[in-house]
Amino acid sequence: MHIKANPLDFKEEQLLPAAAVLQNGGICAFPTETVYGLGANAWDAEAVAKIFRAKGRPQDNPLIVHVADPGQLSDICIVTPLAETLISRFWGGPLTLILPKTDKVPAAVTAGLDTVAVRMPSHPIANALLRLCGLPVAAPSANLSGKPSPTRAAHVLADMDGRADCIIDGGDCLWGVESTVLDLTVSPPAILRPGAVTKEEIYGEIGEVIYGTGVGAPKSPGMKYTHYAPDAPVFIAEGPDAAARIAEAAKAYTRPGVLYYDCNPPALPVAISAGNTAAEYAAQLFFALREFDRQGADVIFAIPPAAGGMGDAVRNRLFKSAGGKII
Ligand code: TXA
Ligand code: MG
């Protein structure tokens, strides 16, 4: 089932079939302000298992539970005072909180962890769907496992047509990178995945906050898997002479591509602009990675934005997609 809905002008009736899919144990792709999600009733372990099958997702990578209202949380997790503060400042919006789970949340959702990730989106279609189905909805990004997260309906159709019971086309996602994941079960609170709610903003609200490091076992199981990988290999190039180094390295390829930022791009067969700000870069990034594949690039050279603010989220995804390859 396909539903097309304009986020600024839709009727709730349009979403009723999608809500019914969720209520009946099916899986439904829906837009959020970050990326598209692939949702199932979080109370229903069998419905949740369908998500893992549709994505080809490893069983040990837990899902985020989405709610329409913070009042739903008492069934799902223990809401600490710190969580209350962050919720009143940043929800609905791109901030996911890791909190101690209740017994009611199936192990399939949390991959057996005793913590659960929760988030309330700000996207009008996501929120209406969550309200209409009346359920907490477990949802990862709606891509095939390992691929860039979908930021446009066409990406969802490419990856999930025939796999999801319902796909809601709600246009392009605003932020373009997934939510910030903040672990509140450790002290100081640790950002496990940078996103549109920045470290600086969280610091402004609660004081101490750190980036979770890669030391020891990955704290967020999702961090250990290959991510955001287009078909072509990705190389990162930084520094004032990045464009010149890219031009040189590109000679070894037949159809090289460049994702350029803050420079005059080298003249390569496929050149995509990442915009002029870190936020524009974020909104372009996953689209661009898929676009290089579509245009048949055999290599992708990417110039990252500077660190800090939203630049951290973009750099995190870019370096993961490059898998450590730097020129
Ligand atoms: O913006 C988003 O967060 C999107 C939209 C659809 O809401 N969702 C999303 O979900 O990106 P997913 O599954 O692609 O990423 C969830 C991340 C993974 O890295 C996972 O390992 C981590 O959150 N995670 C989930 N539950 C966790 C937990 N209990 N402890 C630590 N990390 C957890
Ligand atoms: Mg994902």
Side-chain angles (χ1 to χ4, degrees), residues 27-40 42 48 51-52 54-68 76-78 90-102 105-123 125-127 129-130 136-151 155-156 159-160 164 168 170 173-186 189-197 212 217-229 282 286 313 316-317 320-321:
I27 58 175
C28 175
F30 60 97
T32 84
E33 73 280 15
T34 57
V35 301
Y36 274 81
L38 181 66
V48 169
I51 294 177
F52 284 85
K55 281 181 60 93
R57 183 177 175 102
Q59 296 287 341
D60 64 347
N61 193 2
L63 307 181
I64 297 171
V65 176
H66 296 68
V67 296
I76 302 167
C77 58
I78 296 168
F90 294 111
W91 281 18
L95 178 65
T96 294
L97 301 176
I98 309 288
L99 290 163
K101 78 185 263 300
T102 63
V105 181
V109 171
T110 62
L113 297 174
D114 53 10
T115 57
V116 61
V118 288
R119 140 165 155 81
M120 179 177 131
S122 63
H123 195 288
I125 292 176
N127 290 352
L129 177 66
L130 291 165
V137 170
S141 47
N143 51 287
L144 290 171
S145 199
K147 288 286 159 200
S149 295
T151 56
H155 304 162
V156 182
D159 282 14
M160 287 300 149
I168 303 174
C173 300
L174 171 71
W175 292 110
V177 290
E178 309 87 341
S179 61
T180 305
V181 176
L182 179 66
D183 189 352
L184 291 179
T185 68
V186 293
I191 295 173
L192 304 181
R193 180 176 72 184
V197 173
K219 175 79 195 192
S220 214
M223 290 164 81
K224 72 173 186 253
Y225 295 106
T226 312
H227 265 97
Y228 317 119
F286 293 146
N316 170 270
R317 309 309 190 274
K320 275 182 195 279
S321 72

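As the structure lists them, so they are numbered: ligands from 1, and atoms in each ligand from 1. Bear in mind the structure is a predicted one, so any value in this text is a computation, not a measurement.
By the criterion of a heavy-atom distance under 4.0 Å, the side chain of Arg57, and not its backbone, is placed next to ligand 1. Contact annotation for Thr115 and ligand 1: heavy atoms of both the backbone and the side chain come within less than 4.0 Å of the ligand.
Considering backbone and side-chain atoms together, Thr34 places an N or O closer than 3.5 Å to an N or O of ligand 1. Between Arg119 and ligand 1, an N or O atom pair is found at a separation short of 3.5 Å.
Using a non-hydrogen distance threshold of 4.0 Å, Thr110 does not register as a contact of ligand 1. For Lys101, the heavy-atom gap to ligand 1 stays at 4.0 angstrom or more.
A distance of 10.5 Å separates OG1 in Thr110 from CD1 in Ile98, rounded to the nearest 0.5 Å. With rounding to the nearest 0.5 angstrom, the CG atom of Leu182 is 7.5 Å from the CG atom of Leu192. Rounding to the nearest 0.5 Å gives a distance of 10.5 Å between CD1 of Ile51 and SG of Cys28. Atoms CE and CG, from Met120 and Asn127 in turn, are 5.5 Å apart once rounded to the nearest 0.5 Å.
Remark: the Thr34 side chain and the Ser179 side chain contain no N/O donor-acceptor pair separated by less than 3.5 Å.
Residues forming a side chain to side chain contact (heavy atoms under 4.5 Å, CB included) with Pro150 (at least two apart in sequence, or on another chain): Tyr36, Ser141, Ala142, Asn143, His155, Val156.
Residues in residues 27-37 take part in these salt bridge (Lys or Arg N to Asp or Glu O under 4.0 Å) pairs, two or more places apart or across chains: Glu33-Arg119. The salt bridge (Lys or Arg N to Asp or Glu O under 4.0 Å) contacts involving residues 92-102 comprise nothing, where partners must be two or more places apart or lie in separate chains.
Side chain of Thr180 to main chain of Val197: a donor-acceptor pair is present (N/O by atom type, distance under 3.5 Å, no hydrogens or angles). The backbone N or O of Pro62 sits less than 3.5 Å from a side-chain atom of Arg57, completing a donor-acceptor pair.
Of all atoms in ligand 1, numbered sequentially from 1 with element shown, those under 4.0 Å from a heavy atom of Ile98 are 27 (C), 28 (C), 30 (N), 31 (C), 32 (N), 33 (C). Every atom of ligand 1 with a heavy atom of His66 under 4.0 Å away is listed here by number and element: 5 (C), 6 (C), 7 (O). Residue-ligand proximity, Gly37 to ligand 1, at heavy-atom distances under 4.0 Å covers atoms 6 (C). When each atom of ligand 1 is checked for a heavy atom of Ser141 under 4.0 Å away, the hits are 8 (N), 9 (C), 10 (O), 12 (P), 14 (O). Ligand-side atoms of ligand 1 in range of Leu113: 28 (C), 29 (N), 30 (N), range being under 4.0 angstrom from any heavy atom.
Residues Val118 and His66 fail the side-chain proximity criterion, which asks for heavy atoms closer than 4.5 Å.
Between the choices Met120, Glu178, Arg193, the shortest heavy-atom distance to atom 15 (O) of ligand 1 belongs to Arg193. Between the choices Asn143, Ile64, Leu182, the shortest heavy-atom distance to atom 16 (C) of ligand 1 belongs to Ile64.
Take the Mg ion (ligand 2) and draw a sphere of radius 2.8 Å; the protein N/O/S atoms inside it number 1.
Aromatic ring pairs are classed by plane angle as parallel below 30°, tilted from 30° to 60° and perpendicular above 60°; the pair Tyr228 and Phe286 is parallel.
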